[in-house]
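What follows is one structure encoded as structure tokens, with my remarks underneath.
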Amino acid sequence: MTPITLFNTKTRQSERFTPIDAASVRMYVCGATVYDRAHLGNARPVIVFDTLFRLLRHVYGVDHVTYVRNFTDVDDRINERAAKTGRAIGDITRETIGWYHDDMDAVGALRPTAEPRATDYIAQMISLIEVLVSKGHAYEAEGHALFDVRSYPAYGKFSGRSVDDMIAGARVEVAPFKRDPMDFVLWKPSTPDQPGWDSPWGRGRPGWHIECSAMAHDLLGASFDIHAGGIDLQFPHHENEIAQSCCAHPESDFARNWLHNEMLLVEGRKMSKSLGNFFTVRDLLDQGVPGEVIRFVMLQTHYGKPMDWTVAKAEQAEATLRKWRGLIDGVEASVPDERFVAVLAENLNTAGALAELHRLAGSDPAALAASARLMGLLEPDMGAWAETAGPSADVSELIAELLESRSAARANRDFARADALRDGFAAAGVVVKDTPTGVEWTLAPSFDLARLQALK
RNA sequence: GGCGGGUUGGCGGAGAGGUUACGCACCGGAUUGCAAAUCCGUGAAGACCGGUUCGAUUCCGGUACCCGCCUCCA
């Protein structure tokens, strides 16, 4: 069995991954709040941890890995969106989840084993909060249920902060009913026009962090193997999840391995609406950037480092994928290459794994196909973009005719005519390759029939 | 202010205390009437200053610059 090592944010070191139960490996990834199209930054953890999911399935067996990724469908941003557009919340979340699936499918992410929605787990959240209250880790104040950070001495350990330092540097206004400024909301009251559920603390809705603790416990158990998400979630989200889960179930470990991906930049700068470099996955797809290219670019940088999205990278990735797709055309995939898998298993070194694919491209196309598919690339059903539009019979005939005049011109040593045809093909977007087995041609995206006809 | 990450050849980007990363580009060669494609090959790095070591780009400390988190965020 291929040994997998992972950098565990919790211990801040690389560790040999050993599942609690090799017959049931369990992973939880923080998903999306569904109020709008997923932006490019949302796609990074999806692609990265999809690759981990695929690796785990390869090593432990397809039926022995459970991957849970949640949808946050109760959130004030969703409420705002509903108020602004006059639409029902359920419509907005349903539509956004549909978009999310479309976009993440397009970048080659497998659907997780389970995609729980927060609103389906309100009862579990309420009982989890009740447990915390009963154990003295949470308290009620003015319709809120709040987590008492001072009741959990390890609070802050995970993200390397101390409660006192955080209070000193805090820039937040502190609600007067909090016992400690860092106490966070488990449950908050809703006004009549806001979504709400009945609870021991009155009609209200859950705080942000409680859903992951409740859903992870319900679907994966009190202790599970991997919990992952963006590094920006380390604090407060994951710190708070740990506080909630470990206080409610002190006998368990909650998640043993924590993985965090670094952030995304665009042309060297943080992606933001004000810089005008903010875009969604759908924007890129609509511009003709194939999902497979997005995936390749994402995997080119190790997940632990900031990843810079640039147009140049996308172009280069497209050229490489086009070349590889040509190499495996008609080739039946064999099995993933051992060295490739070993590199990928070293803390999900996708950049190193791509280098192994380059090696295989020069030696073993069947292994290239199988290996690439292990990381969600070169999948047969993702390759439509690389196929040139089937030329019409007329066009094929015209090209055949022109190629014949070219050979004739060569035979007659009429190099002026031969060169004119050579350059003409290129200008018209017909890529002609002379190979030992004969002439091959393909149409480039820039194919221009008029210019081709002019060559006659 | 507190916490964390980064700085590798023209560009992108990994691993490893000592031996070629790799890709793209470039250059040389083969091939071609000339090209394209293909194949072979060369060159090119480790922000700066110290320390540990027989030896550091790799470990430790400091400096500079960049970035992220601490507030919704993947």
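A note on names: the letters A, B, ... follow the listed sequences, proteins ahead of strands, and every chain is numbered from 1.
With both ends at atom P, the span from B:U58 to B:A74 equals 37 Å, rounded to whole Å. Nucleotides B:A21 and B:A16, compared at atom P, are 15 Å apart to the nearest Å. A gap of 22 Å separates the C1' atoms of B:G29 and B:C22, to the nearest Å. The separation of B:G6 from B:A25, taken at their C1' atoms, amounts to 26 Å, rounded to a whole angstrom. Taking atom C1' on both nucleotides, B:U19 is separated from B:U57 by 15 Å, rounded to a whole Å. Comparing the same atom, P, in B:C60 and in B:U53 gives a spacing of 16 Å after rounding to whole Å.
Closest contact between the side chain of A:Lys313 and the listed nucleotides B:C70, B:G12, B:G4 involves B:G12. Candidate nucleotides B:A21, B:C69, B:G23 were compared by shortest atom distance to the side chain of A:Ala355, and B:A21 ranks first. Listed nucleotides B:C70, B:C72, B:G5 differ in distance to A:Glu262; the shortest reach to its side chain belongs to B:G5. Taking every side-chain heavy atom of A:Asn349 into account, B:A14 is the closest of B:A14, B:G23, B:A74. Of all nucleotides listed (B:G13, B:G23, B:A74), B:G23 comes nearest to the side chain of A:Thr320. In the set B:G15, B:G2, B:A14, B:A14 carries the atom at the smallest distance from any side-chain atom of A:Lys305.
A donor-acceptor distance shorter than 3.5 angstrom exists from the side chain of A:Asp283 to the backbone of A:Thr280, with no hydrogens or angles considered. Side-chain N or O atoms of A:Arg26 include none that pairs as donor or acceptor with a backbone N or O of A:Phe224 at under 3.5 Å.
Between A:Trp258 and A:His260, the two ring planes are parallel [angle under 30°; tilted spans 30° to 60°]. Relative orientation of the A:His101 and A:Phe71 rings is perpendicular, given thresholds of 30° and 60° on the angle between their planes.
Base pairing analysis places B:G61 opposite B:C49; the two distances defining the Watson-Crick or G-U wobble pair are each below 3.5 Å. Across all strands shown, B:G17 remains unpaired; no Watson-Crick or G-U wobble contact has both distances below 3.5 Å. Under the Watson-Crick or G-U wobble criterion, with both distances below 3.5 Å, B:C24 is paired with B:G10. Using the Watson-Crick or G-U wobble rule with both distances under 3.5 Å, B:U32 pairs with nothing in any strand shown. Nucleotide B:C69: paired with B:G2 (Watson-Crick or G-U wobble, both distances less than 3.5 Å).
Neither side chain, A:Asn79 nor A:Tyr35, offers a donor N or O lying under 3.5 Å from an acceptor on the other.
Interface remark: the A:Asp434 side chain does form a donor-acceptor pair with the B:A35 base, using a distance-only criterion of under 3.5 Å. Side-chain atoms of A:Asp419 and base atoms of B:G33 include a donor and an acceptor less than 3.5 Å apart.
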